[in-house]
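For reference, the structure discussed in these notes is given below.
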Amino acid sequence: QDLEKTHVELGVGGKPLLYYLPLTIAEQKGFFKEEGLDVNINDFAGGSKSLQALVGGSVDVVTGAYEHTIRMQVKGQPIKAVLELGRYPGIVLAVREELKDKVKTVADLKGMKIGVTAPGSSTNNFATYLLHKAGLTDEDVAYIGVGGGATAVAAMLRGEVDATSNLDPTISTLVGGGNAFVLADSRTEAGMKEIFGAETLPAAVLYTRDDFIKENPKTTQALVNALYKALRWLETATPEDVVATVPEEYYQGDPAIYAEAVKNSLPTYSRTGLVTEDGEKAAMELLSFDPEIASAKVDLAATFDPTFIEAAGKN
Amino acid sequence: MNRRTILLLQILVGLGFFVIWHFGTTVPMPNGKPLINPFFFSTPLDVLARTWKDFASGVIWRHLYVTALEMVLAFIIGSVLGIVVGFWFARRALTAAVFDPYVKAANALPRVVLAPIFALWFGLGIWSKVALGVTLVFFVVFFNVYQGVKEVSPTVLANARMLGMNNRQLLRHVYMPSAMSWVFSSLHTSVGFALVGAVVGEYLGSSAGLGYRIAQAEGVFDVTGVFSGMLVLTAFVILVDLMVSAVERRLLVWRPSAPTSTAQG
Amino acid sequence: MNRRTILLLQILVGLGFFVIWHFGTTVPMPNGKPLINPFFFSTPLDVLARTWKDFASGVIWRHLYVTALEMVLAFIIGSVLGIVVGFWFARRALTAAVFDPYVKAANALPRVVLAPIFALWFGLGIWSKVALGVTLVFFVVFFNVYQGVKEVSPTVLANARMLGMNNRQLLRHVYMPSAMSWVFSSLHTSVGFALVGAVVGEYLGSSAGLGYRIAQAEGVFDVTGVFSGMLVLTAFVILVDLMVSAVERRLLVWRPSAPTSTAQG
Amino acid sequence: MPQDKPSTVAGEYPAAERSAVELDAVKVAYGDRDTSYVAVARADLTVRRGEFVAVVGPTGCGKSTLLNIAAGLIRPSAGVCRIDGVPLDGLNGAAGYLFQADALMPWKRAIDNVAIGLEIRGVSRSEARERATGWLARVGLRAFTDRYPHQLSGGQRKRVALAQTLILEPKLLLMDEPFGPLDAQTRQLMGELLLGLWSEDRKAVIFITHDLEEAISLSDRVVIMSAGPGATIIGDYPVELERPRDPAEVRHTAAFARLHREIWDHLKSEVVKAYAQEDSR
Amino acid sequence: MPQDKPSTVAGEYPAAERSAVELDAVKVAYGDRDTSYVAVARADLTVRRGEFVAVVGPTGCGKSTLLNIAAGLIRPSAGVCRIDGVPLDGLNGAAGYLFQADALMPWKRAIDNVAIGLEIRGVSRSEARERATGWLARVGLRAFTDRYPHQLSGGQRKRVALAQTLILEPKLLLMDEPFGPLDAQTRQLMGELLLGLWSEDRKAVIFITHDLEEAISLSDRVVIMSAGPGATIIGDYPVELERPRDPAEVRHTAAFARLHREIWDHLKSEVVKAYAQEDSR
Ligand SMILES: Nc1ncnc2c1ncn2[C@@H]1O[C@H](COP(=O)(O)OP(=O)(O)OP(=O)(O)O)[C@@H](O)[C@H]1O
Ligand SMILES: Nc1ncnc2c1ncn2[C@@H]1O[C@H](COP(=O)(O)OP(=O)(O)OP(=O)(O)O)[C@@H](O)[C@H]1O
Ligand SMILES: [Mg+2]
Ligand SMILES: [Mg+2]
């Protein structure tokens, strides 16, 4: 097969995060090479920066959050997802261990300080969504941007925030260290049902600009193929398989916590690679507290192009 | 070249900048797209409108206050530390020689990476931002003071010593005034860095401040918000710098002013 | 106070630092926890072991090379620009007066926020990191050169003009040598900032370099990796600074060396 | 600067010939309006081509100020300064100025300080250095060519500055206490050197000194300034001693002694007046 | 520094009494081993308490160097410098030093430059300034108290420095060409001022000058240095003119003229030798 482009610049906002594990698997297992691709992975300080790189043209494709495609449609930037990588957002609302007696439900968070990775980010949206469901409003709590790494852990340890809406491995570190307990967990099927009442909610996806798809359909297909292979591999993989595959740097810090986090995350990866309509709607609902999105008319169908994953599923 | 001409020219330059920005982002080129992508640069009118709105509605004041406070604290603490340690090092050759590589190494540590440690030590309130700003300001001031002291005219120094000054008095009457222009030169850079430190700190984790607002805007790809935040920052730092310049003019009256009229044989 | 004593003391200070770190992170306090939480600070032995391993396995070299290249480029471009623009401003009072507020404003813009714009203009390769470093280095050098030129002795300047020097020659024979110590003072700060710029740039988005490695390690709570990265950075910047100092010593031979022996009446 | 070298001796110029320097009702006030200090109230002084004029006056009267005017380093508050008949605007490119204060470039060795004037005029580096070495030898500093200024004594620095100025052979020499920090013997040697050069191509010289004997023995005219503030030129004594002179010998003539006493008394009364003024304030 | 003021006139000290300054086989070499320049090969000089010693010598011979040694600013390469019989280690706190070069603090007004020495000794600010004003008036600068150094003429700066040093009434005065940039009349006035002060409480004075008349008319002894490199003290002429003297009048005595001629010839031969040396190199 002759690709339009064999060298692809790919952007990601935090490659070692388990959220983007399929990317690392595809890279390490050589799936990109098998498809005849030479992929250079650029790691950014956050999903928004990788998206900006895509719009600016410095990367060709991005593995990032699905909600970006909705946001970009509102902003008039033609961007489409072509493959679902994660089916659960993987965001967890965890509360400081000392508050175990006081906080039983989300409603008990009234008047407390909630750490989010960044104001306006998906972790913030997640918390807002939960609060609204529990009958609270944004004014009932205080959001504090604490980042996704050690800062988030430090903020919890020092008691500067009472709860945190965050991702792995932050959550596993906190919970595994006995410093926090989980209040709402979107890493599991049960949790998803409880929170969204939906089976899936597209989390990480592979997205790119419309013109890239138009100009490089074969390359896009090859990328989807490679990452789909990774999803298939993850379907059957054990945590040990994963640990054996990822670069050593990923678990060098604390192998036990990493393995634990992998175990928690394995169910979150997409099985089909397909963004379902229910999923799209759930994602939309999660964003509905953002005034800019709420007031805009969004064509959800335009956010995902299923042709590539359908083709990939066939062979 | 009087003050009014200069002010006029300054305004012209500023306007020119806005005009280029405006036309660059709004007038489509032959290929149908504007020259400057408004997705990254917004448009000046939007930015001004947003800034106006923020001030009119008053939401910005609280954030401005937080950032200003952090900046001023970082600036003061950083420069005082830089001046004190700079003088101290300059006067103690041994201390200076021994700690020299460590100071330089500390200066080279990326502050962004240190942010979690600052958050750990100083919490998420203003103090972790102040600490970040201090680490930037300190080094600029420190190196300049250190050098400034070394540049003291040897004859003036010898004279002062013969007049009987002890080390403290030398510091007060010779080293400090002589190093003044170095200190002020570094303060101009520092004002900017104090603000950078505060904003970056807020950007990395906080609940208020201009950096927080910029981060928030960035998170939802609201470039107009980002640029409006930067505009406010800019205006603010110019204000503070004007104050530094005013103090400078007062303290450096003893210098020959216009070069042509002072060539005292 | 000869060189060997100083080296010895330096090593002692470094060792002392490691010892405190070591005992702080490994010896449990009465409450059962060590004084310094190794989760945030790792332990020195781990960090050294990791660094050793990285060098032994050779993975670090590529990253070190990328960062070093970015840093050197940022340093050179930033200082050359700073020196050129500094001299230019110092010689053109009107230009300087008009652009003064804009330069100061530019200095105050948080570089972290600018990173996407740099990526847009310069791509994701080394040049966007170099650009980031340049924006830090430039201002430090610029302000110092600007001030340094203004500090030229009026009598020496008048003499040089009477000898018939034109502006270019004044620059070469009077302003530049006279501003040299200012330039070097700022270069010491700049070396650090060049590295900070490179590393922060990598940290914000890249596919290689020490900043990239640090970001990777941070993402998975691998503090040992973070600190190992910083250790390598530190060692590297000290090396570069030594080179700057060597050049400085060569170029500033004309100065009176020890203050006591030069009190030429 | 192509200029026909004057071939006649001083004092024989046709009146119509333009003068080398002409200060015309020059007034100098320092400071801005509210702190104004009138250093020189009115100075009228004409230095003809090839004339050697010495200026004496009480300390702080405004001698250096006048030289700065003639050099174009400061602009008169009123009046004009004409060089070769043309009003001076900006720097006086034809003048060499030996400053009263240390003005050597501290970052250049003695030889480079002397050679630099030639180098910037396009003389090759090796030739410039060679001629500079020659000049350093003439001022008695052959052994000190490679010293930086801070490694020289006060008198040595002055002599380097002298060489630096003379090597360029300027048409007009402005010298502000050039031999101040030199011992009497070296002073005489330098005076002879200067006179020798001057007699070769008759530059115009304005020579400030506090040594009245030196002033008389070297110059064609001695100009006296009154004490400041508001100094003016109050005396103008032509020195009618034959040329060429040996400055050491001429001191012992009767004409010299008479002139010396005359000027000395004039000067003395001026200084006494100044101190009386000071005390009455 | 409690010290019994000497009550006897110069020259009458018992031999056992300790001297104010004693240079004992002092050698000074500048630079490091490979670029070493021996400025002073051997200097032996004893200045008794209350003695006024003038030092003359060709330019660059090492006069300032010797003063720096006595001030403790540089350390001799060999030999010792004793102050009141005690080997000097570090700065000489009892000495006042008037430097050859400009040494005023440029950031202080004239009055503050003069007052600072008192202020750091704990005198109240107002009293210090009052006394400083008095001193500025004595050196003829009453109208210039509020000027910064760069706003003063060369001679005015020197007089501010003079006031700055004298106001502290040091036991030992080191003066390096203090009247160099002053006109002859002011020079005499300052000389009288200095002698007046000296006769009040008989400080020890080492006075460097290039003006031989000044040296003789003011001092008890004139010391001659040979030309460098490797300068030594080659002459020591006691000045046996009665005290108190009027420095202006004493010049006209026969004893003065004899001494002057004697020292002059000695000095002249020295300078000629130096130049011959220079030429043969
Ligand atoms: N920048 C200035 N501001 C104010 N006054 C000044 C300034 N420069 C010089 N003056 C004053 O102008 C007068 C003349 O100064 P000038 O240097 O010309 O004197 P001078 O005749 O050269 O004296 P000297 O023999 O001491 O060198 C002095 O009274 C001095 O105080
Ligand atoms: N730092 C130095 N390095 C090398 N040589 C020096 C240094 N300082 C002074 N010298 C030399 O030492 C000699 C004596 O210098 P000094 O300043 O004592 O002379 P001086 O007698 O005061 O002369 P003058 O009458 O010109 O002031 C000179 O030849 C000078 O070149
Ligand atoms: Mg003068
Ligand atoms: Mg001397």
Side-chain angles (χ1 to χ4, degrees), chain C residues 83 86-87 90-94 144-145 147-187 247-265, chain D residues 1 64 67-68 70-74 90-110 112-123 146-157 160-161 163-170 172-176 181:
Chain C
I83 290 174
F87 278 118
R91 300 297 300 128
R92 313 244 159 218
L94 186 64
N144 267 25
V145 171
Q147 190 68 31
V149 169
K150 291 206 263 175
E151 295 289 308
V152 170
S153 147
T155 317
V156 172
L157 179 61
N159 188 26
R161 289 173 68 208
M162 288 309 298
L163 289 175
M165 293 196 193
N166 58 27
N167 274 340
R168 211 174 40 73
Q169 289 162 336
L170 282 179
L171 195 69
R172 157 121 177 58
H173 295 290
V174 180
Y175 291 112
M176 291 240 264
S178 167
M180 251 331 160
S181 36
W182 289 76
V183 172
F184 279 109
S185 156
S186 62
L187 292 190
V247 176
E248 181 176 5
R249 258 195 304 281
R250 275 214 50 146
L251 283 182
L252 296 183
V253 274
W254 56 270
R255 299 191 155 261
S257 49
T260 35
S261 67
T262 53
Q264 275 300 302
Chain D
M1 315 156 227
S64 303
L67 280 207
N68 283 339
L73 286 167
I74 58 180
L91 227 55
N92 182 351
Y97 191 165
L98 185 64
F99 288 82
Q100 184 176 15
D102 265 355
L104 295 177
M105 283 165 264
W107 43 85
K108 283 191 190 293
R109 295 170 190 276
D112 294 320
N113 258 301
V114 177
I116 185 69
L118 292 178
E119 277 181 44
I120 61 174
R121 277 167 179 71
V123 176
D146 282 342
R147 296 282 187 90
Y148 286 105
H150 81 267
Q151 298 171 320
L152 294 171
S153 80
Q156 290 169 335
R157 281 198 290 268
V160 175
Q164 188 183 51
T165 308
L166 293 181
I167 197 173
L168 297 177
E169 300 178 2
L172 169 63
L173 257 177
L174 308 172
M175 309 184 87
D176 200 346

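Per chain, numbering begins at 1; letters A, B, ... match sequence-line order.
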### Task
Please lay out, stage by stage, how Met180(C) and Trp107(D) fare under the test side-chain contact (heavy atoms from CB on, under 4.5 Å).
CA-CA 10 Å; Met180(C) 251 331 160; Trp107(D) 43 85; over 6 Å; no
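- Residues Pro106(D) and Val156(C) come closest through the heavy atom pair CD-CG2, 4.4 Å.
- The shortest heavy-atom contact between Leu163(C) and Arg121(D) is O-NH1, 2.7 Å.
- For the pair Asn159(C) and Ala103(D), the tightest heavy-atom approach, listed with the atom from each and the gap, is ND2-O, 2.7 Å.
- Per-residue heavy-atom pair counts under 4.5 Å with chain C were compared for Ile116(D), Leu168(D), Thr165(D), and the maximum is reached by Ile116(D).
- With rounding to the nearest 0.5 Å, the separation of CG in Leu98(D) from CE in Met162(C) is 11.0 Å.
- What you find for Met105(D) and His173(C) is that their closest heavy atoms are SD-O, 3.7 Å.
- Closest of all the heavy-atom pairs between Asp102(D) and Thr155(C) is O-CG2, 3.7 Å.
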